[in-house]
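Working notes, structure below.
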Amino acid sequence: MSRAVVVVAAGSGTRLGIGDAKAFVPVAGELMLTRALRTVFTLAEPTAVVVVAPAARLDECRALVTAVAGPAADLTAVVAGGADRHASVQAGLDALPEGVEWVGVHDAARCLTPAAQFDAVFARARETGDGVVPALPVTDTVKRVEGDVVVETVDRSALVGVQTPQVFPLGALRAAYAVAVQSETDDAGVFRAAGGTVRTVPGDADAFKVTTRWDLARAEALVADRQVAAGSAPVVRVGLGVDVHAFDAASPCRVGLLDFPGEAGLSGHSDGDAVAHAVCDALLSAGGLGDIGARFGTSDPRYAGASGDVFVRGAVELLLQAGLVPTSVTVQVIGNRPRIGARRDEMQAALGAVVGAPVAVSGTTTDGLGLTGRGEGLAAIATAVVRPV
């Protein structure tokens, strides 16, 4: 077998803010890594595959690869990633089998990259004997700055944005990594630093990298558009959850899975986290699975003082048993305090890590009206969208 693909899936996904390794975050109900691997395993030419995964998730990754690869599973290996992308790619290259002449390095976060892009990059590399990367023209005006001061406009006609897979002669790429004196942002940088020539072929807009929540939403929308065009769009379900708790100065304040020291807490049999409870109810509602009281009990001693994540995780597990997964959740927090604006991103990340899908949080008051306006308690309204696995 003359060619292979190293799929890099060890990134932490910090900028995505969902609290999970990025390759293991779902896009429209299916993990990014699953989507990326499915494309690789459907390439016409036999291709050996090495997946570089987080060290703590090797068994999970091996099971995933086996499920996706089917008969091609014997062509794959799963290895632990390193401290950064550079080290992870090196680990993947070291694991390649004998006989591989050409290797493509691919980011699992570019999970919608079409198969045609793989074929085009490999074909050009074989034709030229050089390294080859897919690239798209830069369309925005580009400025060079010093601090916040614009110094000059950069000529964008000579600039491109590069994607993956990036394909190289295996021996030359291994040699380039062996002599590298610094980490580069991509494999083409390592190859060129060692004196290699890197060429480009046209990239594809669908091969964008999922880095932020906006990128994730874009990927979700693209998958939905493809499914509609193919007449296979799954039926999504929407659920609503509402929860209200009175303030209790004797209790610690926990809202949206975050602690707010110095603020009055919320009364309740558990921790009184109205936001988490509303999310739980919205998820259960979307799945037609009842509500938090019916599923977990409002006085069950097992849940005395339980944190909100216990109920959200429980709802997600019940959904999975019903063949459903969350795709998004939105929460509106209603009350005068605690102020959530400064901690919105942190709350979204904490909730998203438990839900396993993007969570959007917003806050409002009632202009002095009602129990929340009088400062007697806190309310939360959540909506959840779920879909078949």
Side-chain angles (χ1 to χ4, degrees), residues 17-19 213 238-286 289-316 326 328-385:
I18 289 186
R213 286 176 178 269
V238 180
L240 177 68
V242 179
D243 199 51
V244 183
H245 282 271
F247 285 120
D248 177 4
S251 300
C253 183
R254 189 164 176 81
V255 176
L257 306 185
L258 303 183
D259 293 316
F260 288 83
E263 292 282 357
L266 296 164
S267 64
H269 177 62
S270 61
D271 65 354
D273 188 340
V275 171
H277 297 174
V279 170
C280 174
D281 263 341
L283 292 168
L284 293 172
S285 170
L289 300 172
D291 54 51
I292 190 171
R295 285 292 181 172
F296 303 104
T298 57
S299 59
D300 190 325
R302 292 177 299 171
Y303 301 113
S307 61
D309 69 296
V310 170
F311 305 104
V312 178
R313 290 183 195 280
V316 172
S328 65
V329 173
T330 303
V331 192
Q332 179 85 54
V333 187
I334 306 168
N336 300 332
R337 56 188 175 89
R339 298 288 186 179
I340 67 167
R343 303 187 69 186
R344 178 180 289 109
D345 290 346
E346 186 183 357
M347 188 177 293
Q348 290 178 159
L351 289 165
V354 180
V355 173
V359 176
V361 176
S362 59
T364 190
T365 66
T366 55
D367 291 331
L369 300 175
L371 66 91
T372 58
R374 294 190 298 269
E376 298 172 4
L378 188 76
I381 301 173
T383 56
V385 181

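V275 has its side chain within reach of L351: a pair of non-hydrogen atoms, C-beta onward, lies under 4.5 Å apart. Looking at heavy atoms from C-beta onward, D367 lies in side-chain contact with T365 at the 4.5 angstrom threshold. Inter-residue side-chain proximity for F296 and S270 is flagged as unmet; no heavy-atom pair is nearer than 4.5 Å.
Remark: H277 pairs with H245, F311 by the ring pair (Phe, Tyr, Trp, His ring centres under 6.0 Å) rule, at least two apart or across chains.
Shortest non-hydrogen contact noted between A380 and A278 is O-CB, 3.7 Å. Between Q332 and S362, the shortest heavy-atom contact is OE1-OG, 3.2 Å. Contact record, S328 with A357: N-CB, 4.1 Å, taken as the closest heavy-atom pair. Counting all heavy atoms, side chain and backbone alike, P326 lies closest to V316 at CG-CG2, 4.3 Å. Here the shortest heavy-atom pairing between A384 and A286 reads O-CB, 3.8 Å.
Using a distance-only test at 3.5 Å, with no hydrogens or angles considered, a donor-acceptor pair links the side chain of D271 to the main chain of G308. Checking side-chain atoms of T366 against main-chain N and O of T372 turns up no donor-acceptor pair under 3.5 Å. The main-chain N or O of V361 is found under 3.5 Å from a side-chain atom of R344 such that the two form a donor-acceptor pair.
Rounding to the nearest 0.5 angstrom, the gap separating the CD1 atom in I334 from the CG atom in N336 is 11.5 Å. In this structure, CD1 on I381 lies 12.5 Å from CG on D281, to the nearest 0.5 angstrom.
The side-chain contact (heavy atoms from CB on, under 4.5 Å) with L283 is formed by just one residue from the set L289, V312, V385; it is V312.
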Tabulate below the donor-acceptor pairs under 3.5 Å that side-chain atoms of residues 255-264 make, not counting sequence neighbours, or state none.
from : atom 1 : to   : atom 2 : distance (Å)
D259 : OD1    : R254 : NH1    : 3.1
D259 : OD2    : R254 : NH1    : 3.4

